[in-house]
2 protein chains.
Amino acid sequence: MGKKSELLPGTLDLLILKTLSRGSLHGYGIAASIKRISGDLLTVEEGSLYPALQRLLLQGWVKAAWKVTETKRRARYYTLTREGRKQLGEEMSQYESMITAIGRVLQDA
Amino acid sequence: MGKKSELLPGTLDLLILKTLSRGSLHGYGIAASIKRISGDLLTVEEGSLYPALQRLLLQGWVKAAWKVTETKRRARYYTLTREGRKQLGEEMSQYESMITAIGRVLQDA
DNA sequence: ATCTATACATAGGCTTTCTATGATTATCGC
DNA sequence: GCGATAATCATAGAAAGCCTATGTATAGAT
């Protein structure tokens with residue numbers, strides 16, 4: 001029957017950019033952070049996350065560097081670029097106006 | 001570069017079901033209603049709308065009947081079924097919990 | 001030793017939405 | 001009457017986005 005997405009489609013980039021705006025993180029950490037902060041309601045699957053990060057890299061909104069985690073594992077840390085910060089602002093305001101518009105349609109009466 | 005969608009992807013069915021919950025409408029009218037109520041922020045393209053209506057028909061959430069409009073044109077009027085009303089309720093609460101969860105991630109701090 | 005959790009990555013598929021196109025007909029301005 | 005515009009339905013094909021499944025590797029716990 002086709003399960004529903006774990007996310008609202010179209011919001012993944014925004015969620016990642018916002019998460020990185022709080023500080024650099026590796027991919028696994030981004031997913032964990034989104035899951036935790038959302039109260040377990042949002043799950044970013046690895047098959048969605050890594051391609052998304054590639055897109056963000058390509059567009060220059062994040063940059064990446066290999067490092068070693070506190071737990072001694074190699075991981076790629078992503079950092080928001082200046083462009084990425086700008087993009088985040090734009091996506092935030094677009095998102096908010098979308099949500100407002102949808103809210104109007106969904107409200108009773 | 002790929003323009004952004006006119007909608008938040010994944011919300012179209014919900015918008016249509018909600019619109020029909022206010023009364024039967026034909027396709028063109030559904031699109032017009034969503035556009036108007038959203039303050040012109042949401043535009044449902046015909047190439048999105050009609051396939052979506054086919055899906056809703058297939059799933060039994062709406063039914064359709066040909067009629068003549070006030071302006072003497074033939075049009076297919078869609079009506080929410082009982083199942084459709086149930087589905088609307090489910091999608092509403094899913095949507096709201098998604099939005100809440102996303103809001104947590106997007107809020108500062 | 002084996003299992004679990006951490007960590008990255010890609011391929012293939014499905015669903016949804018968009019663009020483009022096409023057809024029909026009522027109404028309005030000229 | 002004629003041409004333009006708006007109303008109305010519909011489909012095909014492409015593009016995008018997310019998921020499932022899979023593969024690799026290693027640190028730490030049992």
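In what follows, chains are A, B, ... by sequence order, proteins preceding strands, each numbered from 1.
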Report the distance from atom [atom1] of [X] to atom [atom2] of [N], rounded to the nearest whole Å.
X: B/L8; N: D/dA16; atom1: CG; atom2: C1'; value: 14 Å
X: B/Y77; N: D/dC9; atom1: OH; atom2: C1'; value: 13 Å
X: B/Y50; N: C/dT19; atom1: OH; atom2: P; value: 16 Å
X: B/Q59; N: C/dT15; atom1: CD; atom2: C1'; value: 12 Å
X: A/L53; N: D/dG17; atom1: CG; atom2: P; value: 14 Å
X: A/R76; N: C/dT10; atom1: CZ; atom2: P; value: 9 Å
X: A/L7; N: C/dT15; atom1: CG; atom2: C1'; value: 15 Å
X: A/Q54; N: D/dG17; atom1: CD; atom2: P; value: 15 Å

Do [X] and [Y] come close enough that some side-chain heavy atom pair is under 4.5 Å?
X: A/V44; Y: A/L15; result: no
X: A/L17; Y: A/R85; result: no
X: B/L41; Y: A/R104; result: yes

Can you find a side chain N or O atom of A/T69 that sits less than 4.0 Å from OP1 or OP2 on C/dT6?
-> no
With DNA chain D as reference, determine whether B/H26 or A/R55 sits nearer its 5' end, using the nearest nucleotide of each.
-> B/H26
By ring-ring contact (aromatic ring centres under 6.0 Å, His included), B/Y95 pairs with (sequence neighbours left out) none
Distance col, row A/E46:CD vs A/Y28:OH, nearest 0.5 angstrom, shows 7.0 Å
Are any side-chain N or O atoms of [X] and backbone N or O atoms of [Y], one a donor and one an acceptor, separated by less than 3.5 Å?
X: B/T19; Y: B/I30; value: no
X: B/T43; Y: B/E6; value: no
X: A/S21; Y: A/K18; value: yes

Could you work out which one of D/dC18, C/dA9, C/dT17 sits closest to the side chain of A/Y78?
-> C/dA9
From the options C/dT17, C/dT10, D/dA10, select the nucleotide whose nearest atom is closest to the side chain of B/W66.
-> D/dA10
For DNA chain D, find the residues of residues 27-49 of chain B with a heavy-atom distance under 4.0 Å and give them by number; none if there aren't any.
-> B/G27, B/Y28, B/E46, B/G47
Working for salt bridge (Lys or Arg N to Asp or Glu O under 4.0 Å), residues A/R22 and B/D108 | CA-CA 9 Å; A/R22 303 199 170 91; B/D108 283 320; over 6 Å; no
Hey, what are the protein-to-nucleotides 25-29 of chain C N/O distances that come in under 3.5 Å?
residue, atom, partner, partner atom, Å
C/dT25, O2, B/R73, NH1, 3.2
C/dT25, O2, B/R73, NH2, 2.5
C/dA26, O4', B/R73, NH2, 3.4
C/dA26, O3', B/T71, O, 3.4

